[in-house]
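Below: one structure, written as structure tokens.
Just so we're on the same page: letters track the sequence lines, and every chain starts at 1.
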2 protein chains.
Amino acid sequence: MKLSTKGRYAVTAMLDLALHTGKGPITLAEVSGRQHISLSYLEQLFARLRKANLVDSIRGPGGGYELKRPATQISIAEVVLAVNEPITATRCNGKGDCQSGDVCLSHQLWSELSDQIYQFLSGITLDHVIQRDFVQQVAERQNVRFREEDLIAFG
Amino acid sequence: MKLSTKGRYAVTAMLDLALHTGKGPITLAEVSGRQHISLSYLEQLFARLRKANLVDSIRGPGGGYELKRPATQISIAEVVLAVNEPITATRCNGKGDCQSGDVCLSHQLWSELSDQIYQFLSGITLDHVIQRDFVQQVAERQNVRFREEDLIAFG
DNA sequence: TCATACCCGAGTAATTTAGTCAACTTTAGA
DNA sequence: TCTAAAGTTGACTAAATTACTCGGGTATGA
């Protein structure tokens, strides 16, 4: 899981969209003006968001973007993942050249931790953030339980 | 909260230290060899970790680094924060030039979300990760429960 | 048909990441 | 006390990522 300003821009833009649903498509020019993100940069971000099926685009005059799914069904993790390149695998991954124990252990530990962060962000939707009591919502309303054996290591 | 490969390196190195406590100071050369991180880069990272009071340094032959506090008392959030520059404030922050509502709202929403991520990582210590049942530990400590069917595999 | 808005690719400056190099300080141990 | 092992510091740099610009496209509602 990777969290950079790029992901922040994407989440901010998606929040802007979520905050203005119901009024028809929203142009990137509007988002750019409201969130102070350059139009061209937004175009790049939304190209990825579109490919990830998170937004729909409507071309022509009166067009713009809107959320493909309701804000209750789009997680922060999805948005962040959509705009980021898949993180580069740890060096020893795949290759059999690090059976020395310590290396692989550290990598696996990080991997599991990273998975936890992802799971955490998967539990927070755009709507949770907008509703702003997502602290409580994540903790109680979702009532999601992790089990150790369900952990899946990833790069 | 910012999560990049830099933070991953730092956490990995700290996990390496935590895994080898009790055998005296650990040289960066050892960590470098085990974790495949360049010695000079480790020096830079540990300069920050030292300033953040997360490690002690012992100079001279037989010297090296050791955790300043037990692994049960060092959180992932601390480590990540120590090696990262404080995230650049959102553009409108401080300046009074964005009272237009929408802008500040999005920024505040992100800010609160970021705070949640920080809180989450604050609840996970180096020891939790090493013990590897930190899933359960964190879930119990934070009183967050997760459901199996919400697990989503990702790349 | 024309203005609006998305679409796309090339290029690029700024920043961050990751690493090199060289000189220095401290200190255990021969 | 000399020496080698280790941390300390700073300058420098290559590579990657971020953030952005520019210049064209294409679809489409009025």
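- The distance between atom CG of A:Leu45 and atom P of D:dT18, rounded to the nearest whole Å, is 10 Å.
- The nearest whole Å value for the distance from the CG atom in B:Leu39 to the P atom in D:dA5 is 14 Å.
- Contact annotation: A:Ser40 does not reach the phosphate of D:dC22 (side-chain N/O to OP1 or OP2, under 4.0 Å).
- Near DNA chain C, defined here as any heavy-atom distance below 4.0 Å, the residues from residues 49-64 of chain A are A:Arg50, A:Ser57, A:Ile58, A:Arg59, A:Gly60, A:Pro61, A:Gly63, A:Gly64, listed numerically.
- Between the side chain of A:Ser32 and the backbone N or O of A:Leu28, no donor-acceptor pair lies under 3.5 Å.
- In terms of phosphate contacts, A:Tyr41 brings no side-chain nitrogen or oxygen within less than 4.0 Å of OP1 or OP2 of D:dC20.
- Candidate nucleotides C:dT17, D:dA6, C:dC6 were compared by shortest atom distance to the side chain of A:Tyr65, and C:dC6 ranks first.
- Between the CD1 atom of B:Ile76 and the CG atom of A:Leu113 there is a distance of 5.0 Å, given to the nearest 0.5 Å.
- For the atom pair A:Leu126 CG and A:Gln73 CD, the distance stands at 11.0 Å (nearest 0.5 Å).
- Considering only side-chain N and O atoms, B:Ser4 lies under 4.0 angstrom from the phosphate OP1 or OP2 of C:dT17.
- The CG atom of B:Asp127 sits 5.5 Å away from the OG1 atom of B:Thr72 when rounded to the nearest 0.5 Å.
- Distance, B:Ile37 CD1 to C:dT17 P: 14 Å, rounded to whole Å.
- You'll find the side chain of A:Asn84 reaches within 4.5 Å of the side chain of A:Ser4, heavy atoms only.
- Between the C1' atom of D:dC22 and the CD atom of A:Glu43 lies a distance of 11 Å, rounded to the nearest Å.
- Near DNA chain D, defined here as any heavy-atom distance below 4.0 Å, there are no residues from residues 73-80 of chain A.
- The nucleotide whose nearest atom lies closest to any side-chain atom of A:Ser38 is, among D:dT21, C:dC7, D:dT18, D:dT21.
- Pairs of residues two or more places apart, or lying in two chains, that qualify as side-chain hydrogen bond (donor to acceptor under 3.5 Å, both in side chains) and include a residue from residues 42-52 of chain A are A:Arg48-A:Glu85.
- A:Tyr9 has no side-chain polar atom (N or O) that falls below the 4.0 Å cut-off from OP1 or OP2 of D:dT17.
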Can you give me every donor-acceptor pair (side chain of residues 52-66 of chain B, partner residue at least two apart or in another chain, under 3.5 Å) with its distance?
from, atom 1, to, atom 2, distance (Å)
B:Asn53, OD1, B:Lys68, NZ, 3.2
B:Asp56, OD1, B:Lys68, NZ, 3.4

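- The CG-C1' distance, from B:Asn84 to C:dT16, rounds to 10 Å in whole Å.
- Residue B:Met14 holds its CE atom at 6.5 Å from CG of B:Leu17, rounded to the nearest 0.5 Å.
- Between the B:Thr5 side chain and the B:Arg8 main chain, no donor and acceptor come within less than 3.5 Å of each other.
- Computed from coordinates, the A:Arg48 CZ to C:dC6 C1' distance equals 18 Å when rounded to whole Å.
- Judged purely by atom type and a 3.5 angstrom limit, A:Ser114 has no side-chain atom pairing as donor or acceptor with the backbone of A:Trp110.
- Residue pairs meeting the salt bridge (Lys or Arg N to Asp or Glu O under 4.0 Å) criterion with at least one partner in residues 22-33 of chain A, sequence neighbours excluded, are A:Glu30-A:Arg34.
- Summarising the geometry, the separation between CD on A:Glu30 and P on C:dT4 is reported as 14 Å, rounded to the nearest angstrom.
- The interatomic distance linking A:Leu3 (CG) with D:dT17 (P) rounds to 16 Å, in whole Å.
- Note on A:Lys2: a side-chain N or O is less than 4.0 Å away from OP1 or OP2 of D:dT18.
- Contact of the B:Val83 side chain with the B:Val79 side chain is not registered, since no non-hydrogen atoms from C-beta on lie closer than 4.5 Å.
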Might you list the N or O atoms of the protein lying below 3.5 Å from N or O atoms in nucleotides 11-14 of chain C, with each pair's distance?
none

